[in-house]
Amino acid sequence: AQTVTQSQPEMSVQEAETVTLSCTYDTSESDYYLFWYKQPPSRQMILVIRQEAYKQQNATENRFSVNFQKAAKSFSLKISDSQLGDAAMYFCAYRSAWRNTDKLIFGTGTRLQVFP
Amino acid sequence: NAGVTQTPKFQVLKTGQSMTLQCAQDMNHEYMSWYRQDPGMGLRLIHYSVGAGITDQGEVPNGYNVSRSTTEDFPLRLLSAAPSQTSVYFCASTHRGRGYEQYFGPGTRLTVT
């Protein structure tokens, strides 16, 4: 069975600085998707960034980028130029590429605090 | 588009009562799922559906039933509520064409006393 581990329950960063959130996963599959979701106090789940395992290039979305290390099964999220609105819970998630499933496996989350 | 909608937003039940959490999506997504979120445990999959008439169990299915008679609707039924089912429940639908991106509803906070 696949597992996702986020070993940092809490992180903090100064506004305008850069922070990296860690995520590791375990799977025997070769084709899968990885996601980072943000959950602000409103509790709405918002997709931040997505990575397809077959793509070697790391995904980027504006100030958000990932460091995807397939062999090490590591998928970290880097937030550049942090803003107060980035404060939230961040969840790493894994999904098999097999089309007949909709199982998204989440880590336990990292709470990010942003200080002015 | 309204996206994924869930009703109610809040609910209090007594132990043993039954209820149905409603979920609907207007994006014509084939896949839909139900999760529960408990403190310190992230989101855990309860049941999912890959199309009308097709459902399957997730990680924590006990105590919950689902059915999928239409593409749009995916209700979650609690047959006999227990305090252990106190949680926040999220419904989601998945866009296969966008790398299986999941769109989440706003959540339902359920308390069982």
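So you know, we letter chains A, B, ... as the sequences are listed, proteins then strands, and number each from 1. These numbers come from the heavy atoms of this one structure, side chains and all, not from hydrogens, waters or symmetry mates. Values in this document were obtained by computation on a predicted structure and should not be read as measured data.
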*Asks:* Where does B:Tyr103 contact chain A at under 4.5 Å (heavy atoms): side chain, backbone, both or neither?
*Replies:* neither
*Asks:* Is chain A contacted by the side chain of B:Gln57, its backbone, both, or neither, given a heavy-atom distance below 4.5 Å?
*Replies:*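 Only the backbone of B:Gln57 comes within 4.5 Å of chain A.
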*Asks:* Taking side chain as everything from C-beta outward and backbone as N, CA, C, O, which of these in B:Arg44 sits under 4.5 Å from a heavy atom of chain A? Side chain, backbone, both or neither.
*Replies:* neither
*Asks:* For chain B, which of A:Arg111, A:Glu52, A:Gln39 has the most heavy-atom pairs under 4.5 Å?
*Replies:*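 Heavy-atom pair counts peak at A:Gln39.
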*Asks:* Could you tell me if A:Arg95 sits above the aromatic ring of B:Tyr31, with its cationic atom closer than 6.0 Å to the ring centre and no more than 45 degrees from the axis?
*Replies:* no
*Asks:* Would a 4.5 Å heavy-atom cut-off, applied to side chains only, mark B:Gln102 and A:Asp102 as touching?
*Replies:*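 Yes - at least one pair of side-chain heavy atoms lies under 4.5 Å apart.
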*Asks:* What part of A:Leu104 gets within 4.5 angstrom of chain B, counting heavy atoms only: side chain, backbone, both, or neither?
*Replies:*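 Both parts, backbone and side chain.
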*Asks:* Can you name the closest pair of heavy atoms from B:Phe90 and A:Met45 and give their distance?
*Replies:*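 Nearest heavy atoms, B:Phe90 then A:Met45: CE2-CG, 4.4 Å.
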*Asks:* Can you check whether A:Tyr32's main-chain N or O pairs, donor with acceptor, with B:Tyr100's side chain at less than 3.5 Å?
*Replies:*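 Here the side-chain-to-backbone pair does not exist.
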*Asks:* Quick one: what part of A:Arg43 sits under 4.5 Å from any heavy atom of chain B, side chain, backbone, both or neither?
*Replies:* both
*Asks:* Which atoms of B:Phe104 are under 4.5 Å from chain A, going by heavy atoms: the side chain, the backbone, both sets, or neither?
*Replies:* both
*Asks:* Answer with side chain, backbone, both or neither: which region of B:Gln37 has an atom nearer than 4.5 Å to a non-hydrogen atom of chain A?
*Replies:* side chain
